[in-house]
Novice: 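Just dropping this structure here.
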Amino acid sequence: MLARRKFIRTTVLGSLGVLAARRAEGETHFGIKGRPMVVSTWDAGLEANKAAWEILGKGGRALDAVEKGVMVTEASQNCCVGLGANPDRDGFVTLDACIMDEFSNCGAVAFLERIKHPIAVARRVMEKTPHVMLVGSGAQQFALAEGFPLEAATLSPDAENAYREWLKKSEYKPPAINVENKQGHGPFAPAKLSNGEWNHDTIGMVAMDANGNFSGSCTTSGAGFKMRGRVGDSPIIGAGLFVDNEVGACTATGQGEDVIRVAGSHSVVELMRQGLSPEKAARKIIERIVRIKKEKARDIQVAFLAIDKKGRHGAFAIHPGFSYALRNGEQEVLVRAKSFFET
Ligand code: ASP
């Protein structure tokens with residue numbers, strides 16, 4: 001018994017020693033102090049990161065950064081996230097979002113209609129209710145009670161055109177994706193906008209602030225022309241987003257059904273906890289999805305994007321064409337992710 005007690009004491013003191021040494025090097029128990037960074041999915045992430053950096057660069061909290069960052073994308077007229085996005089197959093735009101902070105507080109909304117900033121409503125769910133997720137008319141009712149305005153139930157001109165085109169056949173086809181050549185079609189392929197740009201229907205953002213604390217956000221209109229009531233991975237904590245302040249954070253994009261079945265973002269964070277880098281952890285979970293989907297993996301796109309407490313960032317996708325935006329003290333760039341199928 002005495003020997004055992006001594007062992008435990010020595011081990012605890014040993015770990016405290018390691019912790020003290022790490023702190024001396026600038027690394028806290030959580031993340032690296034004084035080296036804030038933010039990453040977000042797809043090209044629209046560059047603009048979103050700018051807004052996040054306004055907060056992070058001044059020493060602000062990661063939670064505020066990831067909320068304000070993706071709000072830029074939600075509000076953008078040139079983007080498929082938010083109310084300008086493609087509708088469901090009945091012609092209604094329905095939005096999903098979630099947010100998570102360094103204390104593992106989290107909030108989410110799903111199947112939300114006519115509210116411009118679902119991410120801000122998700123944060124209110126987190127901060128003002130005893131719940132994690134509100135959906136549909138309940139989520140809208142809560143948003144209105146919180147003072148969010150009810151927006152018009154109209155489609156953007158791009159979405160109107162896309163919907164009219166889709167109605168000609170009214171098929172919900174599994175997506176055949178060739179995002180690299182911008183030739184994709186199907187619910188998760190990039191949409192061509194009237195200004196000639198291509199865009200996606202989701203933004204996921206994860207950040208570490210100057211205190212070494214992590215937060216993340218994810219917001220989407222989901223799959224274009226989906227069944228009414230369909231909710232994907234994006235508002236589901238552990239699937240579209242997961243944050244663990246001792247490890248790091250991960251977000252997902254692509255075919256939500258296949259992210260949910262492997263508890264995607266949570267699984268990536270758990271592998272990082274075991275010591276894998278963000279890219280290696282993302283790769284393992286992509287490989288798991290490919291094993292499950294077999295031949296069908298050729299027809300779907302999924303990507304994970306993660307950061308860890310050492311300040312590393314990385315991503316991995318099933319198909320080429322996924323890139324993410326990075327902003328830190330030194331860089332503001334778009335990074336092309338590696339993929340399971342190289343071409
Ligand atoms: N993951 C989103 C969903 O399934 C879509 C996307 O990322 O493009 O709703």
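In this text the structure is predicted, and so the values were computed from the model without any measurement. Index from 1, following the sequence. One-based numbering, in listed order, for ligands and for the atoms of each.
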Novice: Out of Gln301, Arg230, Gln255, whose heavy atom sits nearest atom 9 (O) of ligand 1?
Specialist: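 The option holding the nearest heavy atom is Arg230.
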
Novice: For ligand 1 and Asp96, I'd like to know whether there is a polar contact (N/O to N/O, distance under 3.5 Å).
Specialist: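 There is no such contact.
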
Novice: Do any nitrogen or oxygen atoms of Thr220 come within less than 3.5 Å of a nitrogen or oxygen of ligand 1?
Specialist: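 No, Thr220 has no N/O under 3.5 Å of an N/O on ligand 1.
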
Novice: Minimum distance, heavy atoms only, to atom 2 (C) of ligand 1: which one of Ala223, Gly254, Gly222, Gly256 is it?
Specialist: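 Among Ala223, Gly254, Gly222, Gly256, the closest heavy atom to atom 2 (C) of ligand 1 belongs to Gly254.
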
Novice: Are Arg35 and Asn328 packed together at the side-chain level, in the sense that at least one heavy-atom pair is separated by less than 4.5 angstrom?
Specialist: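 They are not in contact (no side-chain heavy atoms under 4.5 Å apart), so the answer is no.
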
Novice: Any nitrogen or oxygen of Glu257, main chain or side chain, under 3.5 Å from a nitrogen or oxygen of ligand 1?
Specialist: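 No; the residue has no nitrogen or oxygen that sits under 3.5 Å from a nitrogen or oxygen of the ligand.
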
Novice: Where the side chain of Asp88 meets the backbone of Asp90, is there a donor-acceptor pair that is under 3.5 Å apart?
Specialist: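 Yes: the side chain of Asp88 pairs with the backbone of Asp90.
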
Novice: Just how far is it from atom CD of Glu127 to atom CD of Glu146, taken to the nearest 0.5 Å?
Specialist: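 If I round to the nearest 0.5 Å, the distance is 10.0 Å.
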
Novice: Do Phe225 and Tyr163 make a side-chain contact, defined as non-hydrogen atoms from C-beta onward lying under 4.5 Å apart?
Specialist: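 Phe225 vs Tyr163: side chains touch.
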
Novice: Thr253 heavy atoms, cut-off 4.0 Å: which ligand 1 atoms fall inside?
Specialist: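 Close to Thr253: 6 (C), 7 (O), 8 (O).
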
Novice: If two hydrophobic side chains count as joined below 4.5 Å and joins carry through other members, does Val302 share a cluster with Phe341?
Specialist: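 Same cluster: Val302 reaches Phe341 through Ile, Leu, Val, Met, Phe, Trp or Tyr contacts under 4.5 Å.
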
Novice: Asp244 versus Met272: any side-chain heavy-atom pair under 4.5 Å?
Specialist: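 Result no, sub-4.5 Å side-chain heavy-atom pair not found.
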
Novice: Give the atom numbers and elements of ligand 1 that come within less than 4.0 Å of a heavy atom of Asp233.
Specialist: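 Per the distance check, 1 (N), 2 (C), 3 (C), 4 (O).
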
